[in-house]
Amino acid sequence: MKGNTLNGSRRRLISVVAATATIAGVVATSTVASAAATGPSPKPAPASQAMTELPAAPVEKVIVTYKSKAAEAGSNTAAKKDAAAKGEETGESLSFERRLAGGAALVDLGGEASKKDLTEVMDAFRADSSVASVEADIRAYAMAVTPNDTDYSKQWDLFEATGGMNVPGAWDKTTGSGVTVAVIDTGYAAHSDLVGNVVSGYDFISSSADARDGNGRDSDAKDEGDWNATDGECGTGSRASNSSWHGTHVAGTIGATTHNTKGIAGIAYSSKIQPVRVLGKCGGSSADIADAITWASGGTVPGVAANATPAKVINLSLGGASSTCPSVYQSAINGAVSRGTTVVVAAGNSNANASGFTPANCSGVINVASTSREGNRSFYSNYGTIIDVSAPGGETRRATDTPGTVTTPENGILSTLNSGTTTQSTENYKPYQGTSMAAPHIAGLAALLKSAKSTLTPAEIESAIKANARPLPGTCTGGCGSGIADTTKTVNAVTGTTTPGATFTNAANVTISDNTTVASSIAVTGRTGNAPAALKVDVDIKHTWRGDLVIDLIAPDGTVRNLKPSSSSDSADNVLATYTVDASSEVANGTWKLQVRDVASGDTGYIDSWSLTF
């Protein structure tokens, strides 16, 4: 048996499949919704998402360009007099408002003008020999047109206010162009709604029997199918199952072709998808997966040609049980991050603490839990303090429904798929559920951010996503990270300017060893004046005996403010707290530090993230 094995079973995909699909030693983190299932019709898209005509906004101003030799061309006083004269002539309350950058005069009509009144005003200016031109000051609208993809109305995960990720509003600023996203998964099943965005990948499955292509590793990332013919074929407790085409489903969420009058819309629909195959029959091995992470991010793998289009985002919708992150994974992830690649992983579908699953428990990744259409933690989703953020993963059945059934397909995540039960057949679309479906939502968001601002580091991308997430509108027991990611808010945050209430975050991990002092820095820029009297300091520290820790906030001028003293009687794990500090005597801009001192032996941890909200 290859790869990491735990209690005799191989690791699996992290999508929730009606009967969990075991994929190449690693289990994919999605749940497959049966094609035969029926349920209520999907809710229609809200009115704001429907294709509409541009509004016929009333005209309130006109733009007058005077001939260069006219007095009004250079004199505001003359322009004011002329506007008043034209108002008297037409019976309208005209007034000169301001001079435009190009020299034209902006003239206010004194309110909304009827079509007839507007015509009279413009005719009066046109009749003046000193006027070169006059035109209405018309309205412009954002051109991020609602996708015309035929199944877009079923993609509640993109646009619904309760459980969706607020994606459409970001498309005015970025659609992911220039960014490659590697989907390290089962490979790629040909699909016309994806093919235009797919670049060459690689098949890293080293066992030809598991790869089902007869030759093991090669440059063809085609999904050959991951079906299991009989119960027990992949270890004790494994069940017979059809091929999942899991990687193709994940890829569609990230980068399906959009505005093509068919199928679905991808979140980062101008990005490129690189299929990297690691999961075949009975899952996948950690050795193959680690090599795939390295290669996808532009690293060197012996015997494999260099990646011509290295990915800046990697999606890992897979995992297995392990109380620690294997060093082969951590080394590969560290290398990917050092090369500027953001690594997104699924938390797992066991309704358990994600700390017991890998690569979800590796450092340097964005660990994603799943939420339902109602904004609750999905009944199957893993949870815990190591969760970074949540995203829609859907529920194709309720927790109380019979496992293996599909009772609520409209509440799953619809994406690209294939109809073959073993080998590839015709393309189609089906709803799945799982943290495997949640993770690509965050991978798509990461691609949008990297495209919008190419200088962003993986730590900055994670920080921005977490800082701009919204609280779950439903319930989450056990910990769902910073909340449900908000795509539009996050994109606006990295492309816009600092506003009152802005949050600055550092999500880079800092190890806290016994009897040491460590610090994490945040560079605050774009503020004016001093910090507020109620500066909020959010702290997320993972530690097995928090009473060992003394936590201080250090201002840019070196002033130290204690946030938490040590306490020998406080044996609880972790520090998850918000402290309010009077920092009004401090200049806001500059480098702020969170200093953590461990004053006892026997327990260690790390600073996970912290933030300042002004």
Side-chain angles (χ1 to χ4, degrees), residues 165-167 169-183 254-255 266-274 293 296-299 309-316 333-345 363-368 388-389 391 439-469 481-483 485-499 502-510 520-527 589 591-592 607-613:
M165 221 172 78
N166 193 19
V167 175
W171 286 332
D172 277 338
K173 292 185 172 66
T174 173
T175 56
S177 61
V179 177
T180 297
V181 182
V183 176
I254 299 168
I267 291 172
Y269 59 77
S270 293
S271 67
K272 296 300 182 183
I273 299 296
Q274 183 169 69
I293 293 170
S297 58
T309 53
K312 287 303 177 186
V313 180
I314 286 175
N315 187 90
L316 291 168
I333 291 167
N334 291 347
V337 172
S338 72
R339 288 184 285 274
T341 300
T342 298
V343 181
V344 180
V345 304
S363 62
V365 302
I366 303 178
N367 186 7
V368 187
D388 291 306
V389 71
H441 284 76
I442 299 302
L445 172 51
L448 294 179
L449 296 173
K450 188 67 175 178
S451 176
K453 190 174 181 180
S454 62
T455 59
L456 289 174
T457 66
E460 289 170 335
I461 288 173
E462 178 183 353
S463 175
I465 291 172
K466 292 164 70 171
N468 291 285
S482 57
D486 186 318
T487 304
T488 298
K489 184 179 178 183
T490 308
V491 169
N492 287 343
V494 303
T495 58
T497 56
T498 304
T499 56
T503 299
F504 298 80
T505 303
N506 187 340
N509 293 348
V510 178
S520 175
S521 300
I522 290 177
V524 175
T525 60
R527 310 302 302 171
N589 288 336
T591 300
W592 296 74
I607 301 173
D608 191 356
S609 65
W610 71 289
S611 62
L612 295 170
T613 301

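Starting from 1, each residue takes its place in the sequence as its number.
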- Query: For Asp486, does its backbone N or O pair with a side-chain atom of Asn468 as donor and acceptor, under 3.5 Å?
  - Reply: no

On a heavy-atom basis, the closest approach of Ala467 and Thr503 is CB-CG2, 4.3 Å

Residues Lys466 and Ser609: closest non-hydrogen pair is NZ-OG, 3.6 Å

Of all heavy-atom pairs linking Asn166 and Lys489, the shortest is ND2-N, 4.4 Å

Ile254 and Ala443 have their tightest heavy-atom pair at CD1-CB, 4.0 Å

Value for CG (Leu316) from CD1 (Ile366), rounded to nearest 0.5 Å, stands at 11.5 Å

Tightest non-hydrogen contact, residues Val494 and Ala464, listed as CG1-CB, 3.8 Å

Any donor-acceptor pair under 3.5 Å from Ser297 side chain to Ile293 backbone: yes

_Is there a side-chain contact (heavy atoms from CB on, under 4.5 Å) between Thr341 and Val313? Walk through the geometry before answering._
CA-CA 5 Å; Thr341 300; Val313 180; 5.6 Å; no

In this structure, NZ of Lys453 is separated from OG1 of Thr495 (nearest 0.5 Å) by 9.0 Å

Asn509 and Asp608, any side-chain heavy atoms less than 4.5 Å apart: yes

Those residues at least two apart in sequence (or on a different chain) that pass side-chain contact (heavy atoms from CB on, under 4.5 Å) with Ala391 are Met165, Val368, Ala438, His441, Ile442

Kindly say whether Ala447 contributes a backbone atom to a donor-acceptor pair with the side chain of Ser451 at under 3.5 angstrom?
no

Is Trp171 reaching over with its side chain to a backbone N or O of Ile267, donor-acceptor style, under 3.5 angstrom?
-> yes

Here the pair of heavy atoms bringing Pro310 nearest to Thr180 is O-CB, 3.9 Å

Here the gap from Thr487 atom OG1 to Leu448 atom CG, rounded to the nearest 0.5 Å, amounts to 7.0 Å

### Message
Quick check against the 3.5 Å criterion: does Ser482 have a side-chain atom that pairs as donor or acceptor with the backbone of Asp388?
### Response
yes

Val510 meets the side-chain contact (heavy atoms from CB on, under 4.5 Å) criterion, sequence neighbours left out, with Val518, Ser520, Ile607

Q.
I'd like to know if the side chain of Ser463 reaches the main chain of Glu460, judged simply by a donor and an acceptor atom lying under 3.5 Å from each other, with no hydrogens or angles considered.
A. no

- Sub-4.5 Å side-chain heavy-atom contact between Val491 and Leu449: yes

So CD1 of Ile461 and OG1 of Thr342: to nearest 0.5 Å the spacing works out to 3.5 Å

When rounded to the nearest 0.5 Å, the distance separating OG1 of Thr175 from OH of Tyr269 is 5.0 Å

Distance col, row Ser270:OG vs Lys272:NZ, nearest 0.5 angstrom, shows 8.0 Å

Do the side chain of Lys173 and the main chain of Asn492 share a donor and acceptor less than 3.5 angstrom apart? no

